[in-house]
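Shown next, in structure tokens, is the structure this report addresses.
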Amino acid sequence: MMLAAFSWVAFDRGGVLALVFLGLTLLGVRDTRQSRHSVLRNYPVIGHLRFLLEYIRPEMRQYFIEGDNEAAPFSRQQRSLVYQRAKGEPDKRPFGTQIDVQAIGYEWINHSMHPTTLPSHDFRITVGADRAQPYSASIFNISAMSFGALSANAVLALNEGARRGGFAHDTGEGSISRHHRVHGGDLIWEIGSGYFGCREADGSFSEARFAENARLPQVKMVELKLSQGAKPGHGGVLPGPKVTPEIAEARGVPVGVDCVSPASHSAFSTPIELLRFIERLRELSGGKPTGFKLCIGHPWEWFAIAKAMLETGIVPDFIVVDGAEGGTGAAPLEFTDHVGAPLQEGLLLVHNTLVGLNLRERVRIGCAGKVISAFDIARAMALGADWCNSARGFMFALGCIQAHSCHTGNCPTGVTTQDPLRQRALDVPTKSQRVFNYHQQTLHALKELVQAAGLNHPNEITAAHIVRRHPSRA
Ligand SMILES: Cc1cc2nc3c(=O)[nH]c(=O)nc-3n(C[C@H](O)[C@H](O)[C@H](O)COP(=O)(O)O)c2cc1C
């Protein structure tokens with residue numbers, strides 16, 4: 001009798017353990033097969049802890065999963081907004097404002113007593129109107145991020161989202177990879193100081209290779225990168241072990257050898273030479289809009305470029321102003337935090353200089369630097385931008401949880417890794433839909449702001465529409 005009771009208890013314990021084990025195994029299988037959550041695909045079973053913490057108390061997610069809130073570049077509210085829009089969930093908020101409208105620095109857009117009604121949120125701007133192949137660009141596009149910094153699946157999902165939404169996908173300086181070409185979304189081809197995709201074996205610029213890529217119908221514009229807000233004047237290295245055959249193929253460099261982007265260009269060294277180089281790129285591309293991207297440093301160096309435009313009569317079709325607050329795969333802390341002008345100051349300087357020289361009508365201005373919401377776009381437009389780019393906004397749409405491991409290859413959501421297993425977690429059909437949704441819903445929200453302000457296009461938003469409470473007015 002005693003023996004029978006004992007064996008029942010033993011069976012009970014063993015049975016329960018077996019059932020738990022079976023349950024967890026089934027959960028694990030389900031996690032790896034579902035496509036909604038990249039974290040669960042990479043961390044089956046244990047990844048539920050993240051969602052449990054989020055459910056019990058959303059703030060905890062930041063401490064357990066996403067690092068300390070104060071150190072995180074984007075607040076939970078900003079990321080939630082992107083996640084909601086990307087997932088197609090309602091982005092309305094209950095109960096009222098969640099920010100302190102009495103605070104110094106509070107900013108708003110003035111609404112009108114005569115709101116407009118607009119037929120569409122597909123706001124566009126023509127770049128290079130008098131060139132052979134002008135481009136009708138959306139006013140919200142994917143900022144430069146290279147294949148190499150991003151995984152193949154991330155590039156595939158971004159490009160398919162861009163194709164569906166009719167907006168542009170900037171290649172980043174890592175050039176055009178095979179993954180950029182699968183879906184056929186519009187590309188802005190970025191040329192950095194490493195001349196990837198258009199270089200000779202010694203790293204110098206190759207006209208023939210440039211023309212070959214630039215003439216691809218999928219390439220709509222060419223962007224020469226002078227600097228990037230997160231690390232201006234720094235350059236970069238993709239270490240040899242990370243230079244896979246696919247990356248080497250896209251960049252035109254040897255496999256497994258350090259891939260260097262020098263801090264400055266070798267194809268030109270003066271402002272006049274820069275403009276002549278841009279003109280040459282435009283010719284070689286068959287007349288596609290050609291411009292440059294920079295973060296403002298010494299103002300006089302920018303003024304020298306502007307002066308060279310007047311002297312030579314050569315103008316870039318566009319300039320993209322990047323703010324010091326912009327993102328990167330990796331950069332020294334001092335550079336991310338203390339080098340280069342922030343977006344608002346840089347943008348205003350470029351806009352005002354071009355207005356003063358009577359060149360503003362001929363040069364379009366794009367901008368990037370923590371542009372996430374429709375209000376961020378409206379604010380940039382008020383300061384002179386014609387369009388905005390977002391890098392990390394679209395990374396959030398891909399499922400990035402701001403884990404700060406882009407440089408380690410261990411990205412938990414498969415966005416910034418070359419590890420084939422980790423990037424499998426990023427399901428391309430699901431995430432391309434989210435990229436599309438985020439773009440659509442942000443522009444829809446912008447349409448509502450523009451309507452409320454009584455305007456017909458975001459490019460009618462001026463400094464007079466945006467107000468900020470300043471300490472001197474408090
Ligand atoms: C992972 C990553 C990779 C990037 N790679 C490039 C690049 O190759 N070329 C470039 O001009 N900017 C690059 N950037 C900068 C962005 O294009 C953009 O200018 C900057 O991040 C500001 O946008 P954000 O605040 O929306 O991220 C990169 C940014 C990130 C986050």
Side-chain angles (χ1 to χ4, degrees), residues 72-75 78-79 82 140-151 154-155 158 168-177 180 187-197 221-238 242 247 250-251 259 261 265 291-296 319-331 335-336 340-344 346-347 366-373 376-377 380 385 387-398 400 402-409 411 413-418 438-439 442:
F74 292 89
S75 69
Q78 286 174 305
R79 279 172 293 142
V82 181
F140 190 42
N141 300 293
I142 302 170
S143 198
M145 289 182 282
S146 308
F147 169 53
L150 296 185
S151 67
V155 171
L158 286 174
H169 175 194
D170 192 316
T171 61
E173 64 180 291
S175 193
I176 307 167
S177 70
H180 285 96
L187 292 178
I188 299 173
W189 182 23
E190 184 179 79
I191 315 289
S193 56
Y195 306 116
F196 300 129
M221 305 210 286
V222 175
E223 176 182 278
L224 183 68
K225 174 182 168 181
L226 302 183
S227 55
Q228 170 183 347
K231 48 175 182 176
H234 191 267
V237 182
L238 190 65
K242 290 193 170 174
I247 290 176
R251 298 188 180 204
C259 183
S261 295
H265 280 265
F292 61 84
K293 169 176 178 173
L294 88 171
C295 172
I296 291 291
I319 297 173
V320 173
V321 183
D322 200 21
E325 63 271 52
T328 173
F335 275 76
T336 55
L343 175 59
Q344 292 190 23
L347 178 58
C367 75
K370 296 185 89 171
V371 176
I372 290 282
S373 71
D376 295 334
I377 300 177
W387 86 81
C388 294
N389 295 332
S390 176
R392 286 166 294 177
F394 283 100
M395 283 173 68
F396 293 141
L398 289 174
C400 164
Q402 205 170 233
H404 292 187
S405 49
C406 313
H407 60 304
T408 64
C411 172
T413 53
V415 178
T416 58
T417 179
Q418 298 305 312
Y438 169 54
H439 179 264
T442 304

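In listed order, ligands and their atoms are each counted from 1.
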task = Record the part of Glu173 in heavy-atom contact with ligand 1 below 4.0 Å; permitted values are side chain, backbone, both and neither.
result = both
ask   = Do any N/O atoms on Gly327 end up under 3.5 angstrom from N/O atoms on ligand 1?
value = yes
remark   = Sorted by chain and number, sequence neighbours left out, side chain to side chain donor-acceptor pair (under 3.5 Å) with Asn389 holds for Trp387
key: CD1 on Ile372 to CD1 on Ile377, rounded to 0.5 Å   = 10.0 Å
message = Need the ligand 1 atom indices (1-based, order shown) with element for anything under 4.0 Å from a heavy-atom of Lys293.
response = 10 (C), 11 (O), 12 (N), 16 (C), 17 (O), 18 (C), 19 (O)
inquiry  = Is there a polar contact between ligand 1 and Gln228, counting only N or O atoms under 3.5 Å apart?
reply    = yes
Straight-line distance of Ile188 CD1 to Met221 CE, nearest 0.5 Å = 4.0 Å
message = Going by side-chain contact (heavy atoms from CB on, under 4.5 Å), name the residues that satisfy it together with Ser193, two or more places apart in sequence or in a different chain.
response = Ser261, Pro262, His265
key: Check: Gly326 N/O within less than 3.5 Å of ligand 1 N/O   = no
inquiry  = Starting from atom 6 (C) of ligand 1, what is the nearest protein heavy atom, named by residue and atom, and what distance separates them?
reply    = Ala144 O, 3.1 Å
query = Which of the atoms in ligand 1, numbered in the order shown and given with their element, are less than 4.0 Å from a heavy-atom of Ser143?
reply = 16 (C), 17 (O), 18 (C), 19 (O)
ask   = Mind checking whether Thr328 has a heavy atom under 4.0 Å from ligand 1?
value = yes
